[in-house]
Amino acid sequence: VEPAPDFPSTGHLYLGACLSVTETAILRVTLQDDSVSEATEIIAFEEPAAEEAWHQVGTLRFDTDGALFFGMGEMTVDTHAQDSSDALGALVRIVPTDDGYEPAASNPFGDALAIGLRSPWTSVQDSDGNYWVSDVGTGEFEEVNVVEGAAANFGWPTYEGPGHDADFVDPVVAWDRSTSNPYGNDDAAVLPSTNSVGWVAAVTADPSIDDPYDGAFDEGVLFGDMCF
């Protein structure tokens, strides 16, 4: 769920919705007084071969240019991630319109800003305009990737984790999914698990709230690992 930048005046709220095993969509509703409008479909994705409702739409954000961006998984069909003509397995960046959307003008891949992703469920923009994307690995690595403006291909399914060749961009951080994961071992309260998903989050200061960390995390990007 993400409010539009002009939410106070328009009441527009954007929703990422998993509609079925094979369908997912971004919808817009309008909140006004105590009522909610019917949903308008902004963009939809379909993969008839999907066998589970996995690797679908991730967190929604608006960037500093007013474009809506979000990670879109490959819906369990990994060949999509290397197909620059579709927006599955990609960081999608679009401009919503009254009845749909337009691709953001600077996208190198149509509707997408970056490709080669598996299940990019969280993404944020930092204060320098870069996009940070967490990507869930299959059995080897969790990744944090950064899109710094140029066309980026993060390698899935050819590569997972570090060690890409020159055709692909390495993650800035990657950790394996073994029970010897160093991040888990740093915390005595953590139980080993190979079932994990990486995440990223941006930190912005709210002047109305006392900061217990005295600004140590201002304009930072945090990442972590959530086990299940």
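Values reported hereafter were calculated over all heavy atoms of this structure, with side chains retained and with hydrogens, waters and symmetry mates removed. Treat the numbers as computed from the prediction; the structure is a model and nothing was measured.
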Donor-acceptor contacts under 3.5 Å from residues 1-9 side chains, at least two apart:
| unit_1 | atom_1 | unit_2 | atom_2 | d |
| --- | --- | --- | --- | --- |
| Asp6 | OD1 | Thr10 | OG1 | 3.2 |
| Ser9 | OG | Asp6 | O | 3.1 |

Output all residues satisfying salt bridge (Lys or Arg N to Asp or Glu O under 4.0 Å) with Asp211, sequence neighbours left out; order by chain, then residue number.
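Partners of Asp211 under the salt bridge (Lys or Arg N to Asp or Glu O under 4.0 Å) test: none.
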For Asp63, give me all partners under salt bridge (Lys or Arg N to Asp or Glu O under 4.0 Å), at least two apart in sequence or on another chain.
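Arg93.
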For [X], all residues meeting side chain to side chain donor-acceptor pair (under 3.5 Å), sequence neighbours excluded:
X      : result
Thr138 : none
Glu160 : none
Asn153 : Gln82

Nearest 0.5 angstrom please: [X] [atom1] to [Y] [atom2], how far?
X      : Y      : atom1 : atom2 : result
Asn130 : Asn145 : CG    : CG    : 12.5 Å
Leu117 : Asp135 : CG    : CG    : 4.5 Å
Met72  : Ser123 : CE    : OG    : 12.5 Å
Leu15  : Leu60  : CG    : CG    : 8.0 Å
Leu13  : Thr30  : CG    : OG1   : 9.0 Å

Closest non-hydrogen atom pair between [X] and [Y], with its separation:
X      : Y      : answer
Ile42  : Gly100 : CG2-O, 3.4 Å
Thr59  : Thr122 : OG1-CA, 3.3 Å
Thr97  : Glu102 : CG2-CG, 3.9 Å
Pro108 : Leu113 : CG-O, 3.5 Å
Gln56  : Cys18  : OE1-SG, 3.3 Å
Asp170 : Gly161 : OD1-O, 4.1 Å

Can you check side chain to side chain contact (heavy atoms under 4.5 Å, CB included) on Leu27 and Val29, steps first, answer last?
CA-CA 7 Å; Leu27 309 173; Val29 297; 5.6 Å; no
Can you list, by chain and residue number, the hydrophobic cluster partners of Val21 when the side-chain cut-off is 4.5 Å?
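So far as hydrophobic clustering goes, Val21 is joined with none.
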Which ILVMFWY residues can you reach from Phe168 by hopping between side chains whose heavy atoms are under 4.5 Å apart?
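For the cluster that includes Phe168, the remaining residues are Tyr159.
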ILVMFWY network linking [X] to [Y], side-chain heavy atoms under 4.5 angstrom:
X      : Y      : result
Val133 : Val124 : no
Val77  : Leu88  : no
Val169 : Val147 : yes

Does any part of the side chain of Pro171, heavy atoms only, come nearer than 4.5 Å to the side chain of Glu142, both counted from C-beta?
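No, their side chains stay 4.5 Å or more apart.
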Would a 4.5 Å heavy-atom cut-off, applied to side chains only, mark Asp99 and Thr40 as touching?
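Side chain of Asp99 against side chain of Thr40, heavy atoms only: no contact under 4.5 Å found.
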Going by salt bridge (Lys or Arg N to Asp or Glu O under 4.0 Å), name the pairs with one or both residues in residues 31-55, residues two or more places apart or in two chains.
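Non-adjacent pairs meeting salt bridge (Lys or Arg N to Asp or Glu O under 4.0 Å): zero.
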Tell me which pairs pass ring pair (Phe, Tyr, Trp, His ring centres under 6.0 Å) where either residue lies in residues 34-69, with sequence neighbours left out.
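For residues 34-69, and leaving out neighbouring residues, the ring pair (Phe, Tyr, Trp, His ring centres under 6.0 Å) pairs sorted by first residue read Tyr14-Phe62, Phe69-Tyr131.
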Suppose the criterion is side-chain hydrogen bond (donor to acceptor under 3.5 Å, both in side chains): which pairs have a residue in residues 111-120, not counting sequence neighbours?
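For residues 111-120: Tyr101-Asp111.
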Any residue meeting side chain to side chain contact (heavy atoms under 4.5 Å, CB included) with Ala112, in chain and number order, not counting sequence neighbours:
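Side chain to side chain contact (heavy atoms under 4.5 Å, CB included) check on Ala112 returns Ala90, Phe109, Ile115.
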Just by distance, no angles: are the side chains of Glu74 and Trp156 close enough, under 3.5 Å, to form a donor-acceptor pair?
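On atom types as modelled, these side chains qualify, holding a pair under 3.5 Å.
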Where do Val57 and Ile26 land on the side chain to side chain contact (heavy atoms under 4.5 Å, CB included) test, with the steps shown first?
CA-CA 8 Å; Val57 63; Ile26 305 301; 3.6 Å; yes
Checking Asp126 side chain against Asp128 main chain: does a donor-acceptor pair fall under 3.5 Å?
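Here the side-chain-to-backbone pair exists.
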